[in-house]
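We count ligands from 1, going down the list as the structure has it; atoms in each ligand are counted the same way. Counting from 1, the numbers follow the sequence of the chain as shown.
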Amino acid sequence: MSKMIIVTAPSGAGKTTIVKHLLEVFPDLSFSISATTRQPRPHEKNGKEYYFISNDEFTRKIENEEFIEYEQVYENQYYGTLHSEVDRVWQEGKSIIFDIDVKGALNLKHLYGSNALSIFIKPPSFEILKERLKNRKTENKTSLSKRIKKAQFELTFQDKFDKVLVNDVLENSFKEAENLVRSFLV
Ligand code: ADP
Ligand code: 5GP
């Protein structure tokens with residue numbers, strides 16, 4: 001089994017930014033593209049950040065047991081990791097990197113054990129997390145408050161992961177993440 005990197009964090013802590021960086025630095029890493037029912041953000045493309053699918057299609061995939069794990073991360077917004085996606089990356093002979101919510105990350109770590117490195121990205125403070133989410137300008141008032149509420153809860157799980165990375169100065173976080181991944185992949 002090839003190795004897996006599981007990156008998790010409360011929304012807005014910076015996991016997408018850090019995962020993107022790791023994908024640039026490590027050509028042998030490949031991103032697990034999840035399926036989701038949420039609407040694409042303006043820059044997002046189907047089949048790149050996510051497979052954007054309808055609620056009906058998501059339900060059909062649940063019934064067909066196409067998911068390794070899935071969660072209703074936010075009200076009426078489903079996200080899931082597809083078996084076909086993990087198979088695709090393994091066939092490429094690469095290691096796989098997941099960007100996934102806290103509950104999903106715990107499930108995957110449980111499933112893959114020592115083949116997986118789980119990293120929790122932590123914001124320097126709750127205030128900074130709120131600021132980053134607002135500045136990203138991807139959320140409306142309702143979705144912003146849902147994410148902030150959930151973030152508070154998710155922060156209580158940090159001790160359950162192999163490594164905790166405090167994302168304060170981005171350049172330092174990039175280096176720290178690179179070091180963690182490098183030592184795990186050797
Ligand atoms: P997540 O994927 O965890 O929801 P993002 O990677 O989208 O988080 O980051 C949330 C916002 O914070 C983005 O606008 C991103 O550019 C910004 N950001 C990420 N890391 C830092 C950092 N270390 N310092 C300042 N801003 C950051
Ligand atoms: P966003 O809407 O900001 O892209 O993602 C919201 C949350 O869903 C993030 O915490 C992200 O990591 C998580 N997520 C993305 N894909 C999956 C997945 O396949 N399974 C689970 N459980 N969570 C996911």
| request: With heavy atoms of Ser11 as the reference, note each atom of ligand 1 found under 4.0 Å away. | output: 4 (O)
| query | Can you tell which of Asp99, Thr37, Val73 makes a side chain to side chain contact (heavy atoms under 4.5 Å, CB included) with Tyr79? | reply | Val73
| query | So which protein heavy atom does atom 19 (C) of ligand 1 come closest to, and at what separation? | reply | Thr17 OG1, 3.7 Å
| request: Show which atoms of ligand 2 fall inside a sub-4.0 Å distance from at least one heavy-atom site of Gly104. | output: 22 (N)
| Would you call Gln77 a ligand 2 contact, heavy-atom distance under 4.0 Å? | no
| CD1-CG distance between Ile33 and Leu82, expressed to the nearest 0.5 angstrom | 10.0 Å
| task | May I ask you to decide whether Glu24 forms a salt bridge with Lys20, counting only side-chain N to carboxylate O separations under 4.0 Å? | result | no
| query | For ligand 1, which atoms sit closer than 4.0 Å to a heavy atom of Asp168? | reply | 22 (C), 23 (N), 24 (N)
| Can you find a side-chain donor-acceptor pair between Ser84 and Asp87 that sits under 3.5 Å? | no
| atom 20 (N) of ligand 2: nearest protein contact (heavy atom, Å) | Glu69 OE2, 2.7 Å
| task | Return yes when Phe67 approaches ligand 2 closer than 4.0 angstrom through a heavy atom, no otherwise. | result | no
| field | Salt-bridge criterion met for Glu131 and Lys134 (N-O under 4.0 Å) | value | no
| Should we say atom NE2 of His83 is surrounded by more than 12 heavy atoms from elsewhere, each under 6.0 Å from it? | yes
| Contact between Arg41 and ligand 2, counting heavy atoms under 4.0 Å? | yes
| request: Specify the closest pair of heavy atoms between Val25 and Glu178, including all atoms of both residues, with the distance to one decimal. | output: CG2-OE2, 3.9 Å
| message | Considering non-hydrogen atoms of the protein only, which is the closest contact for atom 7 (O) of ligand 1, and what is the distance? | response | Arg136 NH1, 2.8 Å
| field | Nearest-contact summary for atom 21 (C) of ligand 2 - protein heavy atom, Å | value | Ile100 CG1, 3.3 Å
| Does the separation of the ring centres of Phe157 and Phe153 fall below 6.0 angstrom? | yes
| task | Examine Gly80 against ligand 2 and note whether any of their N/O atoms are separated by less than 3.5 Å. | result | yes
| query | Considering only heavy atoms, which of Tyr79, Tyr50, Tyr51 lies nearest to atom 4 (O) of ligand 2? | reply | Tyr50
| message | Under 6.0 Å from the ring centre and within 45 degrees of the ring axis: does the NZ or CZ of Lys61 meet both conditions for the six-membered ring of Phe67? | response | no
| said: With the threshold set at under 4.0 angstrom, would you say Ser173 reaches ligand 1 through any of its heavy atoms? | reply: no
| query | Given that the side chain starts at C-beta and the backbone is N, CA, C, O, which of these parts of Lys103 lies under 4.0 Å from ligand 2, counting heavy atoms, or is it both or neither? | reply | neither
| query | So, is Ala9 polar-close to ligand 1, with some N/O to N/O distance under 3.5 Å? | reply | no
| Same hydrophobic cluster for Ile148 and Val102, using side-chain heavy-atom links shorter than 4.5 Å among ILVMFWY? | yes
| request: Working to the nearest 0.5 Å, report the span between NZ of Lys109 and CZ of Phe161. | output: 10.0 Å
| query | Which of the numbered atoms in ligand 2 are below 4.0 angstrom from a heavy atom of Arg38? | reply | 1 (P), 2 (O), 4 (O)
| field | Min N/O separation Tyr70 to ligand 2 under 3.5 Å | value | no
| note | heavy-atom search around atom 13 (C) of ligand 2 in the protein gives Asp101 N, 3.4 Å
| said: Tell me whether Arg147 reaches ligand 2 (any heavy atom closer than 4.0 angstrom to a ligand atom). | reply: yes
| Which residue and non-hydrogen atom of the protein lie closest to atom 2 (O) of ligand 1, and at what distance in Å? | Thr16 OG1, 2.4 Å
| said: Only heavy atoms of Pro10, strictly under 4.0 Å: list the atoms of ligand 1 that pass. | reply: 3 (O)
| Which protein heavy atom lies closest to atom 19 (O) of ligand 2, and at what distance to 0.1 Å? | Ser34 OG, 2.7 Å
| field | Parallel, tilted or perpendicular: ring planes of Phe58 versus Tyr78, cut at 30 and 60 degrees | value | tilted
| field | Residue Lys15 vicinity, atoms of ligand 2 by number, heavy atom under 4.0 Å | value | 9 (C), 10 (O), 11 (C), 12 (O)
| task | Would you mind checking if Lys150 and Glu75 are paired as a salt bridge, meaning a charged N to carboxylate O distance below 4.0 Å? | result | no
| In Å and rounded to the nearest 0.5 Å, what is the CD1 to CG distance from Ile18 to Asn167? | 4.0 Å
| Do Val73 and ligand 2 have an N or O pair less than 3.5 Å apart? | no
| said: Let me confirm one number: the CG-CD1 distance from Leu108 to Ile100, rounded to the nearest 0.5 Å. | reply: 4.0 Å
| task | Mark yes or no: Lys3 above the aromatic ring of Phe184, with NZ or CZ under 6.0 Å from the six-membered ring centre and no more than 45 degrees from the axis. | result | yes
| task | Any chance you could lay out the side-chain hydrogen bond (donor to acceptor under 3.5 Å, both in side chains) test for Thr36 and Arg38, step after step, and finish with the verdict? | result | CA-CA 6 Å; Thr36 184; Arg38 88 148 156 74; 5.3 Å; no
| said: Under 4.0 Å, counting heavy atoms only: does Asn167 come that close to any atom of ligand 1? | reply: yes
| In the protein, which heavy atom is nearest to atom 10 (C) of ligand 1, and how far is it? | Gly12 O, 3.6 Å
| Closest to atom 11 (C) of ligand 2 among Asp99, Thr138, Ile33, Thr16 (heavy-atom distance) | Asp99
| field | Test of proximity, Ser11 against ligand 2: N or O pairs below 3.5 Å | value | no
| said: Taking distance alone, with N or O pairs closer than 3.5 Å, would you say Tyr74 contacts ligand 2? | reply: no
| field | salt_bridge(Arg60, Glu63) N-O dist < 4.0 Å | value | no
| task | If you have a sec, work out which protein heavy atom is nearest atom 9 (O) of ligand 1 and how many Å separate them, to one decimal? | result | Gly14 CA, 3.6 Å
| Is there a nitrogen or oxygen of Glu71 sitting under 3.5 Å from a nitrogen or oxygen of ligand 2? | no
| field | atom 25 (C) of ligand 1: nearest protein contact (heavy atom, Å) | value | Arg132 NE, 3.6 Å
